[in-house]
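Note that the coordinates shown come from a computational prediction; the quantities given were computed from them, not determined experimentally.
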Amino acid sequence: SMRVGYFTIHTATGNVSMRDMAVPGDRAALYTSMLALPASGGTPNLTAVKHIGEQFKRTDSGAPIALSCQKNAGMLFTDGFSNEAESAPAVTGLGAPFDNTPANSMAAIASQYYFDAAGGVSPLRTDLTAGNVPVPDQCATLAQTDIAWKRLDCQKNLHMNFYGVTLGGRGDVFNPDIDQDPYLLNPAWPGYTANSRSTVDDIWHATVNTRG
C-alpha cells in the first residue's frame, strides 16, 4: 500500500508521521492536515526539500522506508521563490541535462538523495540490501549517454525521486505554458539566486536530476 507523509515548509523539523492510504483513519487524518494549511511567512523551499530527503534516511519504527525494493517520492508544492540558503556539494560529471548543478542549490540538495553515495551504496538506507529497487528493462540495454536512458529511472539502490509543483511559477528557463523537454533542450541552468526566477528553474533542475 502507499504511505504518505506531509508537512508544511515552515514546519521542517522532527519526524514526519506516515499515513497508510489503505487505512480510512490515516487517510482522513492526512486530508484534515492538508485542509488546515495556512498561508503565511517566507518560502524556505531548500530547507523543506532537505528535510524530505532526511526523512527517507530514518531507521526508526515509523520510518518512511520499510523495504529494500521500495520506490520513494518527495514532492514540493510552492507558489513562491525560494528565499533562504542550504549547503550541498555541486554535482558534476553526469552529462547534460544533469550536470552543471551548482553547490547549495535545490538541485544539489535533492541529488544527494538520488545518486549513489561513495562506494556505490544507497544514498538513503545503507542498512538495507542494495540493488533491489526494480528498474525498467531498457536500463540494461541502453547506453547511459542515450536520451532514452536519461529519461528513465535506472537507480537500483534506494533513492528519492523528487517532484516540484510550482503552481504556475515561471523561471528564466522554465515556462509552464510551453512544452519543454529538458533532455532535448539541455538547459543552461542558471545559478541559484534567492528571491529570483532562477529558483523556479532550480526546482525544475532538481526534478530532472532525480527523475521526478
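- Residues Thr43 and Thr78 approach most closely at CG2-OG1, 3.5 Å, considering heavy atoms.
- Counting only heavy atoms from C-beta outward, the side chains of Met21 and Val4 approach each other to under 4.5 Å.
- For the pair Pro187 and Trp204, the minimum side-chain heavy-atom distance is below 4.5 Å.
- Counting all heavy atoms, side chain and backbone alike, Ser198 lies closest to Thr193 at OG-N, 3.1 Å.
- Cluster annotation: Val91 and Ile203 are assigned to distinct hydrophobic clusters (Ile/Leu/Val/Met/Phe/Trp/Tyr, side-chain heavy-atom contacts under 4.5 Å, transitive).
- Scanning for side-chain contact (heavy atoms from CB on, under 4.5 Å) contacts around Phe81 gives Arg197, Thr199, Val200, with sequence neighbours left out.
- Atom-to-atom distance recorded for Gln55:CD and Ile65:CD1 is 11.0 Å, nearest 0.5 angstrom.
- Arg170 places no side-chain N or O within donor-acceptor distance of the main-chain N or O of Gly168, the cut-off being under 3.5 Å.
- The heavy-atom pair separating Arg125 from Ser122 by the smallest distance is N-OG, 3.4 Å.
- Of the inter-residue distances, the one linking Tyr163 atom OH with Ile52 atom CD1 reads 12.5 Å to the nearest 0.5 angstrom.
- We find the OG1-CG distance between Thr166 and Leu76 to be 9.5 Å, quoted to the nearest 0.5 Å.
- Annotation: side chain of Tyr6 is in contact with side chain of Thr8 (closest heavy-atom distance under 4.5 Å).
- Put simply, Leu94 and Ile147 are part of the same group of oily side chains (I, L, V, M, F, W, Y) that touch within less than 4.5 Å, one to the next.
- Residues Ser87 and Asn104 meet the side-chain proximity criterion, which asks for heavy atoms closer than 4.5 Å.
- Under the 4.5 Å side-chain criterion, counting only non-hydrogen atoms from C-beta, Leu152 is not in contact with Val135.
- Residues Glu86 and Val49 are not in side-chain contact: their nearest non-hydrogen atoms beyond the backbone lie 4.5 Å or more apart.
- Contact of the Met75 side chain with the Val165 side chain is not registered, since no non-hydrogen atoms from C-beta on lie closer than 4.5 Å.
- Residues Cys154 and Tyr114 approach most closely at N-OH, 4.0 Å, considering heavy atoms.
- Each of Tyr113, Phe56, Phe7 was evaluated against His51; a single residue qualifies, Phe7, per the ring-ring contact (aromatic ring centres under 6.0 Å, His included) test.
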Worked verdict on Val173 versus Trp189 for side chain to side chain contact (heavy atoms under 4.5 Å, CB included)
CA-CA 8 Å; Val173 179; Trp189 301 110; 5.5 Å; no

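- The distance from the NZ atom of Lys150 to the OG1 atom of Thr145 is 7.0 Å, given to the nearest 0.5 Å.
- Here the shortest heavy-atom pairing between Ala63 and Arg58 reads CB-O, 3.3 Å.
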Check the pair Met160, Thr210 against side chain to side chain contact (heavy atoms under 4.5 Å, CB included), reporting the backbone distance first and the verdict last.
CA-CA 7 Å; Met160 177 185 73; Thr210 61; 5.6 Å; no

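- Side-chain N/O atoms of His205 and Thr101 include a donor and acceptor closer than 3.5 Å.
- The OG atom of Ser111 sits 12.0 Å away from the NE2 atom of His159 when rounded to the nearest 0.5 Å.
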Begin with the C-alpha distance, continue with both residues' side-chain angles, and end with the deciding distance and a verdict on salt bridge (Lys or Arg N to Asp or Glu O under 4.0 Å) for Arg3 and Asp26.
CA-CA 9 Å; Arg3 297 164 65 232; Asp26 277 12; over 6 Å; no

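- Within 6.0 Å of CG on Asp127 lie more than 12 heavy atoms contributed by other residues, nucleotides or ligands.
- Proximity of a side-chain donor or acceptor of Asp202 to a complementary backbone N or O of Ser105 within less than 3.5 Å is not detected.
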Stepwise, does the side chain to side chain contact (heavy atoms under 4.5 Å, CB included) test hold for Asp181 with Arg151?
CA-CA 10 Å; Asp181 185 339; Arg151 288 194 175 104; 2.4 Å; yes

Pair Asp99, Thr92 - check side chain to side chain contact (heavy atoms under 4.5 Å, CB included), show working.
CA-CA 5 Å; Asp99 222 344; Thr92 60; 3.8 Å; yes

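- Of the possible polar contacts, one joining the Asp201 side chain to the Asp172 backbone as a donor-acceptor pair under 3.5 Å is found.
- Annotation: side chain of Gln70 is not in contact with side chain of Leu128 (no heavy-atom distance under 4.5 Å).
- No chain of hydrophobic side-chain contacts below 4.5 Å, direct or via other Ile, Leu, Val, Met, Phe, Trp or Tyr residues, connects Val208 to Ile109.
- Remark: Gln112 CD to Glu54 CD distance equals 8.0 Å, nearest 0.5 Å.
- Heavy-atom neighbours of Asp179 CG from other residues, nucleotides or ligands within 6.0 Å: at or below the threshold of 12.
- Looking at every heavy atom in both residues, Ala206 comes nearest to Ala110 through CB-CB, 4.0 Å.
- There is no path of hydrophobic side-chain contacts, each under 4.5 Å, that joins Met2 to Leu67.
- Under the 4.5 Å side-chain heavy-atom criterion for grouping Ile, Leu, Val, Met, Phe, Trp and Tyr, Phe174 is connected to Tyr183 within one hydrophobic cluster.
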